[in-house]
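Here the structure comes first, spelled out in structure tokens, and everything after it is commentary.
Chain letters run A, B, ... following the sequence lines, proteins first, then strands; residues in each count from 1.
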Amino acid sequence: METLQREIAETSVFEDDLPFDAATVCGGDRDDDTVTDDAQTSLADATDSGDGAADATGEPPLVAGVDQAFVDDHAVSAVVCLRGGAVVERVYAVEPVAIPYIPGLLSFREGTAILSAFDALSREPDVALVDGSGRIHFREAGIATHVGVTLDLPTVGVAKNLLCGTPRESLDRKLPRGSRVAIEADADVETAEPGTRIGDAVQTRQFENSDRYVNPLIVSPGHRVSADTAADVVLACADGYKLPEPTRLADAYADEVKAEVRENLG
DNA sequence: GCGACAG
DNA sequence: ATCTTGTCGC
């Protein structure tokens with residue numbers, strides 16, 4: 001398995017090779033006219049990737065969210081596709097899990113169900129947000145990278161926790177919404193030179209009038225996406241919640257299906 | 001042996 | 001990931 005991951009990492013492309021510009025994703029991107037907010041936002045331009053299919057038609061890109069739920073020894077994988085913030089398609093698949101959860105080998109546990117769900121999809125997403133890590137992995141082949149390379153689809157890894165790597169600055173503080181903190185490879189990432197930026201901690205949401213704070217999401221390139229674009233897409237899909245809409249909706253759909261599935265089984 | 005570890 | 005009531009906050 002580790003050998004396969006090294007091969008996947010070599011095949012993967014951690015650079016932009018997308019049919020659209022992250023700025024055209026829309027559907028979310030909180031733009032509260034509140035206050036103390038004028039710093040960023042204008043990072044999108046001069047990013048023209050050449051042949052934009054979605055751009056050409058002026059049509060927003062098709063963004064897919066992928067998430068899993070479990071019922072005993074079965075994984076329920078749900079995929080929800082959005083275009084311009086509207087749900088266009090939802091599919092799911094149920095597959096038995098082959099191995100238990102082992103940090104670093106997640107794709108071998110959930111991969112089959114995910115690929116099966118994509119098989120049921122009638123469209124080809126322009127990019128997919130996969131729950132879990134992409135490049136932020138011991139061998140730079142997290143589940144987002146594994147799925148992306150297997151389907152040769154642009155993918156982004158969206159995790160709630162850091163698997164490995166070191167944040168350039170402490171994440172244990174209240175970061176402003178929209179901020180990013182680079183995650184660098186360290187000794188735990190055996191395939192990259194220490195110091196290599198393998199992803200970012202991205203603050204998609206933050207409390208305004210509270211002493212407490214929301215932890216950032218851990219975003220990393222899966223395949224055919226750069227670290228900057230990965231973060232751009234996630235922030236563009238954020239709509240008031242910590243999780244980007246595609247992921248949030250896939251999560252809810254997986255739970256919905258799970259309830260029905262656990263009766264067709266036990 | 002100890003530590004660390006996505007979902 | 002999953003098992004779960006109440007509870008604090010906008």
ILVMFWY cluster, A:V127 and A:L235 together (side-chain gap under 4.5 Å) = yes

Does any non-hydrogen side-chain atom of A:R123 lie less than 4.5 Å from one of A:L62?
-> yes

Do A:R197 and A:E184 sit within salt-bridge range, that is, some charged N less than 4.0 Å from a carboxylate O?
-> no

A:H74 NE2 - C:dT2 P separation (whole Å) | 15 Å

Does the distance from a Lys or Arg side-chain N to an Asp or Glu carboxylate O, for A:E140 and A:R6, drop under 4.0 Å?
-> no

Reference residue A:V25; test side chain to side chain contact (heavy atoms under 4.5 Å, CB included); the match among A:P246, A:P244, A:C237 = A:C237

Does a donor on one side chain sit under 3.5 Å from an acceptor on the other, for A:D172 and A:Y213?
-> yes

From A:L265 atom CG to A:D72 atom CG, the distance as rounded to the nearest 0.5 Å = 7.0 Å

Is the closest side-chain donor-acceptor distance between A:S77 and A:Q68 under 3.5 Å?
-> yes

Just the table, please: protein N/O against nucleotides 1-6 of chain B N/O, every pair under 3.5 Å.
residue	atom	partner	partner atom	Å
B:dA6	OP2	A:Y101	OH	2.9
B:dA6	N7	A:G104	N	3.1
B:dA6	N6	A:G104	N	3.3
B:dA6	N6	A:G104	O	3.1
B:dA6	N6	A:L105	N	3.2
B:dA6	N6	A:L106	N	3.1
B:dA6	N1	A:I143	N	3.3
B:dA6	N3	A:S133	N	3.0

Starting at CZ of A:R109 and ending at P of B:dG7, how long is that distance when rounded to a whole Å?
-> 13 Å

Atom pairs, protein N/O to nucleotides 4-10 of chain C N/O, distance under 3.5 Å:
residue	atom	partner	partner atom	Å
C:dC10	OP1	A:N209	O	2.8

Whole-Å distance between C:dT2 C1' and A:D72 CG?
-> 11 Å

Applying the Watson-Crick and G-U criteria (both distances under 3.5 angstrom) with [ ] for crossing and | for other-strand pairs, one obtains for DNA chain B .......

Got a sec: does the CG of A:D73 have more than 12 other heavy atoms crowding it under 6.0 Å?
-> no

Where do A:L151 and A:L115 land on the side-chain contact (heavy atoms from CB on, under 4.5 Å) test, with the steps shown first?
-> CA-CA 8 Å; A:L151 301 175; A:L115 296 179; 3.8 Å; yes

A:D251/A:R248 ion pair, N-O < 4.0 Å | no

Distance test, side-chain N/O of A:K258 to OP1/OP2 of C:dT2, below 4.0 Å = yes

Have a look at A:A75 and say if it touches a base, only the backbone sugar-phosphate, or nothing, with a 4.0 Å heavy-atom cut-off.
-> nothing

